[in-house]
Each structure stands twice: as C-alpha cells, then as structure tokens.
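Residue numbering restarts at 1 for every chain, and letters A, B, ... go by the order of the sequence lines. This one's a predicted model, so the numbers in the text were calculated from it and none came from an experiment.
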Amino acid sequence: MTETRSGEQNDPHPQPAGEADEHPLSVLLFSWMRSDLFDRMFLAGLGALCAVLAALELVIHRHDGGGIDSLPVFQGVFGFLAFALAVLSGWPLGRLMRRPENYYRDQPDKDPDNTVEEEKEDGHDG
Amino acid sequence: MTVDRLLDIAVTINPGFYLIAAAVWAVFARGPGSRGVALLGGPALALLALLYAPASGTEITRSFFLGFNMSLYRPDSLSMIFGFGFVLAAALSGVYSLHREDRMQDSAGLLYAGAAMAAVFAGDLISLVVFWELTAVASVALVFARQTKQGQMAGMRYLLIQLLSGLLLMAGVVLYGLDAGSFLFADLGQLHRGVLIGMLDIHAPGGLLILAGVGIKAAFPTFHNWLTDAYPNTTETGAVVMSAYTTTLAVYVLARCFAGLDWLVWIGAAMTVYPVFFAVMENDLRRVLAYSTNNQIGFMVCAVGIGTPLAIDGAAAHAVAHIVFKGLLFMAMGAVFMRTGTTKASELGGLHRTMPWTTLFCLIGAMSISALPLFAGFSTKSMIMTAAHTPAMFAVWLMLLFASAGVLEHSGIKIPYFAFFSHDSGKRPKEAPFTMLLAMGLASALCLAIGIAPGWFFELLPYRSVAMAFLAQDLFTADHLLVQMQLLAFAVLAFVLLKRLKLYPTEQPGVILDIEWLWRKAAPAITGVLGRLAGRLGVWADKAFGRAGAGLISGSGQIFAPDGVVARHLPLAGAAIWTVALLSFVLILAMSSPG
Amino acid sequence: MPSFATPLDANTIVDIALLAMLAVIVVAVARTRSLLTAIILTSVYSFISAVWLVVMDAADVSFTEAVVGAGVSTIIALGAILLTRSECSRIPWRETLLPLLLVTVTGGLLVYAALDLPSLGDPSAPANIYVGRLYLQHAEHDIGTPNIVTAVLSSYRGFDTLGETTVIFAAGLGVALLLGFGERALQDTPRPSMAKMAESGQHVVLRVSAKMLIPMISIYAFYVQFHGDLGPGGGFQAGVIMAVAIILHALVFGLQETMESIPPQLARGLSAFGVLLYAGVGVVNLTNGGNFLDYDHLFPRIFEEGLPDSHLVGGHHIWGQHFGILAIELGVFLTVASTMVTIFYAFAGRAPDLSPHGEG
Amino acid sequence: MNAFIDFYAAPPGLTAHAAPLLVIGPLIAACAAALSPSTRSAWMISVGGTIFAFWMALCLAGEVARNGVVNYYMGGFAPPLGIAFRIDALGVMFALLISGIGVMAALFSGHTLEAEIMKGKRRLYQSGFLLCVAGLLGLSATGDAFNAFVFLEVSSIGTYALIGVGVDRRALPAAFNYLVMGTIGATFFVIGVGFLYAATGTLNMADMSGRLATLGDSRVVEAGFAFIVIGLGLKAAMFPLHGWLPAAYAYAPSLMGVFLSATATKAALYLMARFLFTVFGPHLDFVGLFLTWVMAPVAGAAAIICSAQAIFQTDIRRILAFSSVAQVGYIMLGVSMASAEGVSAGLFHLFNQALIKSALFMALGGLAFNIKATKLSDFSGVGRTAPWTMTAFAIGTFSLAGVPLTAGFLSKWRLIEAAFAAHWLWAVGVIAVSSLLGLIYAGRMLETIFFRAPVSEERAGEARFGVLVPLWILAAASVWYGLDASLPVDLSTAAAQALGLAPAGAAP
C-alpha cells in the first residue's frame with residue numbers, strides 16, 4: 001500500500017479523506033478509524049469508560065447472588081480475565097492443535113476446480 | 001364452497017406445508033418473478049397461516065398412519081414462537097438468495113424451512129420424526145451444492161450424522177410410543193402452566209435414544225463436529241439456511257420433550273465454554289461462526305435444562321433472536337465469501353473500504369450476539385442469565401458468564417475485526433448485491449427492534465406474563481445495564497491491551513484438530529494399517545488408494561468394488577458350493593433338533 | 001428297510017447290479033473331460049435306469065426315460081456340442097477338495113436321512129397306503145381307463161400335465177429366442193438337388209433304411225399316442241418319438257429338405273397350438289358347467305345323451321373322460337413333437353455341418 | 001382385507017371360476033401371442049391378458065375377503081386325489097401384486113421391446129413374458145406342492161431365455177448362470193417335495209401339513225425341509241445364494257428387469273413362507289432353528305453386505321440389483337421373526353419393494369431409446385433433459401431409501417417396530433446400518449442424475465408417453481401408500497394371519 005500512499009502524496013489534488021477506490025459510505029463511517037489520533041485516543045477513551053463504569057457502582061445499587069459476585073466491579077474484572085484467558089490460551093492450544101491446511105487431504109492439490117468426479121476416476125484408474 | 005369455508009380449511013393446515021408447497025413451486029420456477037413468488041410468497045402465506053392459527057392446544061388429528069393417531073397440526077405458544085422464527089428465517093434467506101438463480105438450492109431451502117416448521121407444529125412423535133427426517137433430506141441439496149471435493153465430502157459426513165440422529169430418534173420414538181401406548185403429545189405429558197413442555201420421561205424405554213438423537217442435532221459436546229464441518233463448506237446461502245433451522249429445531253424438541261432435565265444444564269454449560277477456545281484458534285471465519293453457534297445453542301440448552309418459565313422463555317426468545325443475528329453474521333460472511341472466495345482470517349482484512357454496508361450490518365450482528373444493550377442478544381440472553389443466577393447454579397452461571405465474554409471475543413470482535421478491519425489484505429471486492437444487502441438490512445432492523453423495544457417480541461413467548469414482568473422489572477434497570485456494560489467494556493479493554501502488547505495470537509492458516517480427528521484421521525489410519533496387513537496377506541492392494549490414505553473407503557472399496565472380493569463375479573462353482581454348504585448346514589441343524 | 005440277513009432273491013441281485021452300474025457311470029461322467037463321452041455316458045445312464053424302472057414294474061416311467069433321457073436329449077446335446085469345444089477345462093485337484101468334502105458330508109446326511117424312508121415296495125409306506133391306494137380304488141370308476149398312470153396324469157393331475165406341457169412350450173420358446181429359428185440353414189448354403197445327391201451316391205444305405213424307418217417310427221408314435229389309455233405311453237412319449245422321426249429325416253435328407261415339409265413357423269405355431277388345445281378343453285369344461293379340466297363336462301348335456309352307451313357310470317361320464325383325455329393327449333403330442341423339432345432346428349440351423357452337404 | 005369385503009368385480013358365474021382363470025387367462029394369451037400376426041397385436045394380447053388376470057385377482061380378493069379361503073378343485077377331484085387351488089389372503093396379496101405389476105410391465109413393454117429386441121422375436125418375447133406371469137400367478141394360487149414345482153418351472157424356463165435375449169451381450173452369461181442356479185434350486189425343491197411325499201403320501205399342502213403334525217421326529221421330513229428351503233432360497237436370492245441375480249437383472253432387457261425384480265424372487269419368498277408356516281409350521285423345532293440360526297443371520301448379512309456392494313457399483317442397474325438382494329434380506333428378516341408383526345412387516349416391505357423396483361427399472365428402461373447407457377456416470381445430468389422420467393425415478397429412490405412420506409419409510413418403520421416387539425435389537429441395528437448404506441447409494445444415484453453436468457453430447461430425451469403412464473402410476477402409488485398405507489397394511493396383516501400367525505396383542 002505504500003505505493004498508493006506515495007502516489008497520493010504526489011497528487012496535486014489529494015482526496016480529503018479515504019482512499020482512491022473507497023466506497024463513500026466507508027469514507028463517511030470508517031475512514032476516521034485509520035487516523036493516528038484515533039489510534040492514540042481509543043485506548044484512553046476505553047480506559048476512561050471502564051473507570052466511569054466502575055465508579056458508577058458507587059451510585060447504583062447492584063443486585064447480586066451474595067457470593068463472590070458481590071465483590072466490587074465483579075463483572076468487569078471477570079470479563080477482563082475471561083477474555084484474557086480465552087485469548088491467551090490460544091497460544092499453547094494453537095501450538096498443540098493447529099495442523100497444516102490440507103491436513104485431511106480434502107483439498108485439491110493442483111487444480112482448484114478439480115471436482116469429485118475426476119478424483120474418483122483417478123482413484124479407480126490406479 | 002364459499003371463500004370462508006376455504007379459508008377455514010386453509011388455516012387448519014400446518015403452516016409448514018405452505019413452505020413445502022412453495023418448495024415444489026421453486027423447483028419449476030424460472031425467472032426472477034416466479035422465483036420471487038416462491039421465495040417470498042411461501043413465507044408470506046405461512047406467516048398468514050400463523051396469524052390466523054387455531055387456538056392454542058387445538059389438535060388437528062388425522063389417523064392415516066398405520067392406525068396410529070397422528071396430529072399434524074397442534075399450535076401452542078411454544079411452537080408459535082419457533083414457527084415465527086422460522087418464517088422470518090425463510091423470508092430473510094429468500095431475499096438473500098435472490099441474486100443467484102439456483103432452483104435446487106431455492107427449493108431445498110424452502111423445503112428445509114417447511115419441514116422444520118411442520119415439525120414444530122406437529123402434535124405427535126411420529127409426525128415429528130417424519131418432518132425431522134425431511135429436514136435431513138432437504139439439507140442434501142444444500143450441502144452438495146458446493147461442487148468441490150471438500151464440500152462434497154463434508155456434505156456426506158453431515159448427511160450421515162443427520163441420518164444417524166434421525167434413526168436414533170426414530171428408534172427411540174417407536175420404543176417410547178409403544179411403551180406409553182400413544183404417540184400423541186397430549187397423551188404423553190401434562191401442561192405446565194398452560195404449555196406442554198418437558199413431556200417425556202428420560203427413564204422410560206426409548207427416552208435416552210430420543211435424547212441422543214436430538215442431542216446429535218443440537219450438537220452436544222463430542223457430537224458437535226458436524227456443525228463446524230458442514231457450515232463452512234456450503235455455499236453462502238446454504239450456511240444461512242442451515243444455521244437457521246437445524247439446531248433451532250433441536251432446541252425446540254428439547255424444550256418440548258425434556259425441559260427441566262437437569263443433565264441439560266451441565267451439557268448446555270459445557271457447550272457454551274469449550275467452543276470459545278476453538279473459536280479463538282480458528283482461522284476460517286465461517287467456522288468461527290459455527291463454533292459460535294455451538295456456544296449460543298449451549299445457552300439455550302442450559303436454559304431448557306433449568307426449565308423455569310423464565311428460562312424457557314429465554315431459551316425460546318434466544319433461539320429466535322439467534323436465528324436473526326447468527327443469520328445476519330452468516331449473511332455477512334457469505335457476502336465476503338462470494339466476493340473474495342474465502343473466509344480465512346489470514347487472507348482477509350480491510351474490506352470495509354469497499355464493503356461498508358456489509359461491514360455495518362456485520363457490526364450490528366456482532367453487537368447483537370455480544371448482547372450489547374439495545375441489541376437483540378441483550379434482551380434475550382439476559383433472561384437466561386437471570387434464570388441461571390441462583391445460588392444453587394452459581395458455577396453454571398459463572399460458566400455462562402465466561403462464555404459471554406468469549407462470545408464477545410470470537411463473534412463480537414474477531415469476525416468484524418479480521419474480516420473488515422485489521423491489517424489491509426489489499427483485497428478490494430465489490431459491495432454485495434442489493435438483495436443481499438436488503439436481507440442483511442432487514443435482519444439488522446429486526447435485531448434493533450428486538451433490542452430496543454422487545455415488548456412486541458416478548459408477547460409471542462410461551463410464558464407471556466413472565467416475559468412481560470421481566471421486561472418491566474429487570475431488563476432495562478440501571479444495575480443490569482451497568483453490569484453488562486462492565487463485562488463488555490472491560491473485555492474490550494482486554495482486547496485492545498493484548499493487541500497493543502502483541503499478545504493476541506496472530507491469525508495463521510491451518511486446521512484445528514477437533515473430535516472429527518477420530519473419524520477423519522484415526523479411523524482411516526487404523527483401517528489403513530489393517531488394510532496394509534491384509535495386503536501382505538495377499539489381498540491385492542490398490543496403490544493409488546493406499547497413497548491417498550483414504551483407508552476406510554479404500555478398504556471397503558477393495559472388498560466391495562465391482563471387481564472386489566465380495567462382488568467379484570461369483571463363479572458358478574462357487575455358488576454351487578455355497579448351496580451345498582448351506583444345505584448341509586440346514587440338514588445338520590434340522591437333524592440335530594430335539595424331538 | 002430290507003434286512004441284510006434275508007437271502008438275496010433274483011430281483012435284488014438285478015437291482016444291485018443295475019444300481020452299481022449307475023453309480024459307476026455317474027463317477028465316470030464326473031471324471032471324463034470329453035463332453036462327447038459324457039453325453040454318451042448319460043445316454044447309457046438313462047437306458048440303464050429305464051431298465052431298472054422296468055424291473056420295478058414302472059413301465060410308463062421307464063418308457064419316458066428311454067425316449068426322453070436316452071433318445072431326444074442325447075440328440076440335442078450332441079447338436080449342442082457341435083457348437084462348443086468338446087473338452088472341458090481341467091480343474092486343479094486342490095480346488096475340488098472343499099466341494100468334495102461338502103458333497104460327502106451332505107451325501108452322508110442324506111443317506112442317514114434315507115434310512116428313515118420306508119423300504120422299497122413296502123405296502124405300508126405312506127405313499128402306498130394313502131393317495132396311491134385311493135387312485136387304485138377309484139380310477140376304474142372315475143375315469144374308466146385301464147392304465148391308471150394315464151388316468152392320474154391326464155385326469156386326476158391333468159392340471160400338472162398342462163403345466164408341464166407349458167414348460168415344454170416355454171423351453172422351445174426360449175431356445176428359439178436365444179438361438180433363432182434355424183433360418184440360417186435356409187439362407188446360407190445353396191440347396192443341392194435330390195437328383196444330384198442320388199447320383200453322387202452319398203449315404204445310399206442310410207437313405208434307404210431311413211426311408212423305411214421313418215414311416216414305421218411315425219406309426220409307432222401314433223400307436224403310443226392312441227394306446228396311451230390302455231398301455232404304457234401317451235402324448236409325451238409319442239411326441240418325442242414323432243420328433244425323433246422328423247429329426248432322423250433331417251439328419252439323413254438334410255435340414256432344408258425337412259424344413260420345406262415342416263416349416264419352422266409351423267412347428268412353432270403347433271407347439272403353441274398344443275397348449276392352446278389343452279387349455280381350451282379345460283375352458284370348454286368350464287363353459288359346460290364343470291370345473292376346469294373336468295372332462296365329465298366335455299360335452300353339452302344334450303349332445304351327450306345322444307351318444308351310444310351314454311349311461312353314467314356312478315355319476316361319471318365315460319365318454320367325456322375318454323374324449324377329454326384323447327384331446328389333451330393330442331395337445332401334449334403336438335406341443336412336445338413340434339417343440340423338439342423347433343429346438344432341433346434352432347441347434348441345427350446354427351451348425352449347418354449337421355446336414356450331409358456341409359461335408360462336401 | 002376389509003377393503004374388498006363389498007367388492008364384486010364380476011358376475012358370480014365368472015367369479016366361481018376366477019381361480020383357474022387367473023392362471024389360464026395369461027396362459028392362453030401367451031399361446032395367442034405366439035400365434036399372433038404382428039408385434040402390435042402381440043402387445044395388445046399381452047396387455048389384455050394381464051388385465052384379465054388382474055381382474056380375476058380382484059374377483060378373488062373379494063371372495064377371500066368374504067369367505068376367508070377360496071378352494072377350487074381342478075377336474076372336480078377333491079384333494080388328495082386331485083389338484084386344488086387354495087387361495088387365502090396371502091395368495092391374493094401376491095396375485096394382486098403380480099398381476100398388477102404385470103399390467104404395468106405389459107403397458108411398458110409396447111415401446112421398449114422395439115428398442116431392445118430383434119424384430120422377429122418380439123411376439124415370442126411377449127409370449128414368454130405372459131408365460132412367466134401365468135407361472136407366478138399359478139404359484140400364488142396353488143395348494144399343491146408338486147403343482148407349485150410345475151409353476152415354478154413354467155415361470156422360470158422361459159425367463160432364462162428372456163433374460164439372455166437383448167442387446168447387451170453380458171446378458172448371455174448372466175442368463176446361463178441364472179439357468180444353472182435356478183435349475184439347482186428347482187431340483188432341490190422337487191427332491192424335497194419327493195421326501196415329503198414319501199413321508200406323508202400326499203402332495204396337497206394342507207393335507208401334508210395335517211399328516212406332518214402326526215409324524216413326530218422324522219429324518220425324511222427334515223431332509224425334505226432342508227432341500228425345500230435351500231431350493232427356494234436359491235430362487236429367492238437368499239444371501240449367499242444370490243450370485244445369479246445382479247447380473248441377470250442388470251443386463252436383461254428392461255421388460256424383464258421391470259417385471260422380475262418386482263415379482264420373481266418375491267414369488268419364491270411367498271412359497272418359502274407358505275412351506276415354513278403353513279406346511280411345516282414354526283412350532284416344529286427344526287423350523288424354529290432354521291429361522292433363528294440360518295434365515296435371520298443370512299438376512300441381516302444380506303441387508304448390510306449387499307447394500308455396501310450396491311454403493312460401490314458403477315453400473316446403475318447393478319446398484320438396483322444389489323439393492324434388491326439387500327431388500328430380500330429385509331423381507332426375510334421380517335419373516336424370520338415368525339411373529340404376526342414381523343411377517344406382516346416383511347410382506348408390507350415386499351409389496352413396497354415390488355412397486356419401487358419396477359418403477360426404477362422402468363424409468364431406466366424408458367430412457368433406453370435415447371441413451372445406450374448403463375454406467376452410472378452416463379446418467380450425469382439426465383435429470384435436466386428428462387425431468388418427468390427422472391422425477392419418477394427420484395421418487396422411487398426416495399422410497400427405496402426409506403425417506404418419510406414414501407411407502408418405503410413406512411415398511412421400514414414397521415420392520416423396526418416388529419424387531420423391537422420381538423426383542424431383536426440386533427435386527428434394529430442391522431436395519432439402521434443398512435438404511436444408512438441405502439441412503440448413500442440412493443444419494444449417489446440422485447446426485448449424479450440431478451446435480452452433475454451431462455457428460456456426453458448424446459442428449460437423453462424424455463421417455464415416451466406410453467412408458468411415462470405406467471411409470472407414474474407406480475411412482476404415485478409409492479407416494480400414496482406412503483401417506484395412506486391402509487391397503488397394503490391391511491393386505492399384509494391379513495396375509496400374516498392366513499399363515500396362522502395371530503397378532504400378539506391388539507394393534508396400538
């Protein structure tokens with residue numbers, strides 16, 4: 001994509017936002033996400049949101065089952081940990097259980113349009 | 001015969017039959033107009049039939065089957081909500097598939113919908129089995145529609161498992177019905193607060209068989225693999241259709257037959273948890289959605305197992321909402337698949353530039369499934385969570401909570417993020433066709449409608465008063481919204497942090513081992529070894545087959561092939577020897593008989 | 001069963017001798033590789049069993065065995081091997097072990113079972129005290145034919161005989177379908193004139209003796225046919241004998257000559273007609289108020305009263321039975337004779353060598 | 001049989017003689033066809049003869065419904081002296097089935113013989129077909145053991161040749177195999193009847209049964225039994241003795257495929273049931289032993305092994321032929337339960353199979369004009385060019401695989417029910433596994449026919465109208481009996497009762 005970028009820079013009349021072949025709706029809805037500002041601000045904003053949500057517990061009385069779920073910000077912490085556990089377990093599990101694409105030998109090796117019929121014929125000829 | 005009389009008859013017909021009739025029409029439909037009539041007219045008729053359905057609990061019984069009483073149409077509030085969901089699904093998938101003229105798929109989709117709907121409205125076990133089998137038959141065309149070897153093999157596996165489920169169910173039903181002396185729902189169980197649920201006794205003969213048959217279709221743990229195997233291997237429309245009916249029908253039957261069965265609580269809880277780990281690793285996004293289906297069905301199964309009115313309402317509501325938002329996600333992935341030819345996360349990314357509408361709808365679906373407040377999943381899943389939130393089931397509740405965070409991970413973030421954002425794959429596909437976008441838009445609107453103003457939807461639930469009370473007192477309370485937002489916001493925070501720290505696993509191509517390994521690798525390997533042994537013993541071994549390693553097929557192939565051991569042209573002498581051998585055996589048997 | 005302690009009478013010795021010969025022949029047939037030898041041996045087998053049946057006083061069966069088993073089937077089998085190899089392939093002895101074992105076991109079991117059978121000619125055997133005795137008691141009165149075998153075959157179990165006639169018709173039909181009608185013989189080889197053959201002096205002795213034999217065989221066939229009521233014989237045997245006469249004609253004078261006088265279409269038609277005649281008699285009985293094949297009702301009431309000796313013997317119409325049997329025997333005769341000829345045509349038409357011209 | 005209780009198809013004078021006319025009608029038609037002047041007239045005679053037989057079968061059905069049993073004495077001689085026809089519900093069921101399928105096959109034959117048989121032989125072919133019909137009908141009507149042998153031969157002798165004649169040269173060795181095996185079967189049968197005659201002195205089945213009951217343990221009877229069941233087993237293609245069947249059905253001219261697959265083995269099965277239950281009776285030890293230790297395992301093996309074989313065939317008719325052997329396994333499984341439920345379920349399945357198999361062979365035969373195809377791959381995409389024919393084929397295949405809403409489903413259901421009632425759980429497993437296999441080969445055929453692109457330029461057009469009519473009648477019957485099975489269930493239940501098997505309890 002760097003080439004496109006450099007092309008844009010050379011262009012005397014660059015598009016104000018978005019890329020050359022981008023859909024106008026995408027420009028409207030999503031192009032701002034690619035800005036550096038968004039990158040920097042997003043984490044901060046999210047952190048602020050979490051803090052506010054945690055603080056709201058002081059104001060809003062929460063129903064709970066009386067167990068460990070009565071701990072402060074239980075659902076937030078649980079959600080954080082659960083998410084992290086699920087994602088991080090992807091590393092060891094992936095190493096354990098990931099196999100090459102054609103592990104079951106069910107994909108055609110050469111010709112992607114190879115249909116079952118031809119495969120069968122091959123099998124019989126051999 | 002006046003029009004009134006005709007209408008009287010028309011409303012006593014199982015609404016599923018209208019869809020089946022439309023399926024027949026679709027076989028012969030040529031051109032967009034005619035197809036449109038079939039694909040939209042059928043669901044419209046069925047919806048009308050639903051609206052004018054006879055009073056709840058009315059039975060329309062025909063005894064034309066081997067002298068057994070069959071109740072072909074028995075609407076009640078439980079079947080109505082599922083029927084409503086199926087009509088929605090039929091209409092949405094109808095719109096979605098308008099872009100591609102494939103009469104076989106149209107017809108199969110409608111037949112699937114019709115059979116599922118008819119099953120939901122059936123009033124006895126026999127008709128239930130009949131329509132259950134019909135759904136399996138209808139799926140044949142769908143799974144075979146993708147003309148690759150991979151797709152066809154997956155289709156074959158799917159078909160076998162569906163039929164196994166049907167056979168188990170059939171055997172169980174025969175045993176159960178013969179023992180109980182009737183096959184009619186009304187005779188088998190009693191109403192629970194006005195609704196006939198949990199009518200079968202698991203300990204009666206056949207009960208376990210029925211549970212096993214339904215369990216396979218509901219993708220119980222260790223039987224879940226057909227789902228993740230088949231859905232990613234169909235066409236874009238096939239996945240949408242299959243995701244809507246197959247497992248949902250199983251949830252309905254579980255609710256009807258086994259509501260309150262405590263095993264289901266744990267089975268369901270387990271089903272919500274383990275797919276999370278698979279989904280994290282999985283690269284194929286449609287397969288991720290399949291695991292996600294697994295996980296969502298777990299919530300419903302768990303709720304069915306809890307069996308309180310609120311839980312049953314939750315299960316039914318979540319099942320129907322799931323049809324909509326999971327259908328929406330499959331539609332979005334289908335559009336991606338159609339435009340790019342793949343749904344592998346490692347090959348996608350940055351598609352939002354040219355497919356913003358699809359991106360938008362996919363995001364709505366993702367938020368719905370993640371149960372973000374004001375989206376469909378929040379309204380329905382909350383019922384289940386609330387029903388499970390009791391001290392006695394605290395562990396289960398924690399499991400469900402974990403799964404909720406997991407859903408956010410794989411369906412809420414992973415699907416839209418890796419397909420449409422993430423690193424730019426350089427792919428610039430065209431936006432999906434208008435009809436597809438229309439279907440997705442409608443589904444999105446439904447998601448919002450259920451999420452923002454769930455009242456109309458809760459009206460349809462089996463225990464209406466319980467649902468309305470929940471809506472009034474529990475759903476949109478500040479503390480409920482707060483804890484839900486906490487869960488989601490902190491989980492998203494975790495995502496962003498992990499991504500920053502480069503701890504998020506990169507998307508790599510590859511397949512993830514699952515239980516299917518047993519029959520796709522281990523069994524062929526074992527038979528392959530045996531086959532090689534047999535080869536040493538003098539059986540002619542087919543070299544090409546041996547190398548291909550499809551041991552199971554090749555082994556039986558060698559035995560049964562046209563020139564194989566068993567089928568080889570039986571020489572006359574051989575036949576005569578068999579004859580004499582059998583004769584002498586019968587002689588010995590006869591002469592050794594006492595008296 | 002006969003006790004071995006009793007002294008052997010002459011009959012038993014003959015029985016044992018004949019049966020021993022049969023056993024030897026069976027083994028020889030199984031052992032030989034030459035199909036020709038096998039055919040001749042089976043012919044011999046049939047003859048010996050015919051003789052044995054005579055010893056057992058079963059003249060009708062013996063007669064049938066002689067004409068069918070030893071006669072016409074041998075001729076047809078000979079015709080067939082002209083179209084095939086004459087040696088059958090050898091089978092390694094190892095492969096015969098399992099069948100041998102099985103056959104021995106089964107045979108042993110059968111012998112063991114047969115020990116339970118009533119001994120031959122035992123007057124108290126179920127076959128002799130029940131239906132057999134009933135036939136002896138009633139046939140004279142019911143049917144009025146001296147030959148009880150004919151009475152049983154054509155009247156009591158006339159329906160079986162209709163079925164068997166149909167089987168023969170079907171067999172002819174099958175052969176004709178598979179091998180054709182012998183039309184090849186008519187088309188392929190040019191027909192040498194009779195005069196030319198006489199000049200060349202081919203087979204003079206054969207021709208002269210055949211000219212004498214054929215009319216006599218035919219007359220004998222008619223005798224057997226019409227005498228069936230009284231002595232051994234009937235439509236089956238007569239039909240075969242007639243066919244033998246025609247086949248002999250074909251062998252000596254050439255297939256084309258025979259086909260000219262008895263065209264294949266005629267032979268085919270007659271074999272269907274014979275069954276039709278037989279079944280027709282049954283249907284006539286139906287329309288006259290009787291059961292199917294109830295010859296008592298062969299003639300309408302009025303017609304029967306005009307016949308001489310039209311008295312009813314114990315309620316049974318002697319004339320009806322008599323003419324009924326005659327008519328159906330004629331049907332059997334026609335079917336059998338023409339079917340045999342059809343089959344022969346089919347084989348011979350495939351192998352023109354069978355006619356004497358093929359040699360030259 | 002309640003459906004026929006008020007059914008009067010013919011005047012009483014004719015009805016009184018319906019029993020012999022059932023057989024004699026097609027027999028006379030056979031002679032007439034052989035003598036007829038043209039192919040067309042022979043075809044008309046054939047249709048007329050079979051319709052007449054069907055009419056007579058309907059008359060008999062009415063009589064049997066009213067009186068239970070129709071007895072008819074040939075030549076006016078009461079048994080044991082003469083031959084008697086004894087027609088009960090079981091016999092009527094088969095008479096209806098055979099003559100009904102006969103009518104369909106005869107209608108169908110008008111067009112296909114032109115494509116498959118040499119010009120000069122078509123009249124004889126019709127004649128042979130009618131003989132076969134007559135023989136099978138006689139088999140279902142007769143009450144005399146030796147007469148049964150005669151009809152067995154009438155139905156087979158011509159058939160051997162009818163299979164061998166045709167365009168497919170592979171038919172000749174097939175027919176020869178069939179000839180040899182069939183002859184062994186018939187010979188065994190007649191040896192067995194001989195043993196029984198020696199033991200009882202009578203040939204009438206009812207009489208024989210009465211006398212056997214008084215005999216006690218007799219090795220002669222046991223030997224006779226062994227010969228009879230093995231001989232008939234050969235004819236009925238009982239599992240390891242089925243070697244003749246696949247090639248014979250697959251390579252025969254399509255008329256024979258249509259008719260024989262529906263009737264021939266079924267008639268032999270009928271006779272077997274007749275001997276097992278009427279003449280001997282399941283109360284005899286050796287009959288019970290045979291049913292449990294020979295027939296049931298062999299039937300189970302057939303259902304599984306032959307279904308597996310069908311999967312791997314490349315020739316579409318051989319798929320159907322192997323499936324036929326497997327279906328014989330199902331039927332025998334039902335019969336070997338020796339209970340009213342089992343036998344009636346087996347007979348019900350037999351009835352459905354007859355409809356299905358003749359429809360399937362008919363659909364394939366109907367295309368014989370257009371494509372000279374035998375291999376499955378030759379049929380790729382035929383569903384697009386011949387939709388009417390192939391839709392009927394698909395209906396038949398669905399029924400064969402036991403898809404709900406078809407007759408095949410109901411009969412499998414009944415079989416499973418009967419197996420549960422008999423506590424034969426292994427049989428349930430066998431049916432389940434075999435059904436799975438059945439779905440695979442059915443799916444394979446449908447997938448090729450409907451979802452593959454056509455391979456050759458030779459386009460398979462629709463079958464002719466004269467073929468479509470009987471084809472769709474049969475296909476529609478498969479669906480109709482899948483919805484309202486009262487007629488075949490009624491027939492098969494009455495038939496099982498006629499074999500002396502009373503239902504264990506009132507039907508649910």
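Only the side chain of D:Phe225 comes within contact range of chain B, with heavy atoms under 4.5 Å apart. Heavy atoms of B:Val580 lying under 4.5 Å from chain D are absent altogether. The contact between D:Phe227 and chain B is made by backbone and side chain atoms together, counting heavy-atom distances below 4.5 Å. The part of D:Val229 that comes within reach of chain B is its side chain, from C-beta onward, which places non-hydrogen atoms under 4.5 angstrom from that chain. Using a 4.5 Å cut-off between heavy atoms, B:Phe585 contacts chain D through its side chain alone, with no backbone atom that close.
Here B:Ile588 contributes atom CD1 and D:Leu289 contributes atom CG; the two are 12.5 Å apart, rounded to the nearest 0.5 Å. Between the OG1 atom of B:Thr579 and the CZ atom of D:Phe188 there is a distance of 6.5 Å, given to the nearest 0.5 Å. With rounding to the nearest 0.5 angstrom, the CG atom of B:Leu582 is 9.0 Å from the CG atom of D:Leu234.
Of the listed residues D:Leu284, D:Leu446, D:Leu439, the one with more heavy-atom pairs under 4.5 angstrom with chain B than any other is D:Leu439. Ranked by heavy-atom pairs under 4.5 Å with chain D, the list B:Leu583, B:Leu589, B:Leu164 is led by B:Leu583.
The side-chain contact (heavy atoms from CB on, under 4.5 Å) search around D:Val325 returns D:His242, D:Leu245, D:Cys306, not counting sequence neighbours. In this structure, the side-chain hydrogen bond (donor to acceptor under 3.5 Å, both in side chains) partners of B:Ser165, at least two apart in sequence or on a different chain, are B:Trp132.
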One pair to check against side-chain contact (heavy atoms from CB on, under 4.5 Å): D:Trp413 and B:Val173. What are the steps and the verdict? CA-CA 11 Å; D:Trp413 177 288; B:Val173 162; 4.1 Å; yes

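Close approach to chain B, defined as a heavy atom under 4.5 Å from one of its heavy atoms, is seen in D:Phe420, D:Ala432, D:Leu436 of residues 418-437 of chain D, taken by number.
Nearest heavy atoms, B:Leu587 versus D:Ala223: CD2-CA, 3.6 Å.
Evaluation of the salt bridge (charged side-chain N to carboxylate O under 4.0 Å, His left out) test over residues 103-118 of chain B, restricted to residues two or more places apart or in two chains, returns B:Arg35-B:Asp106.
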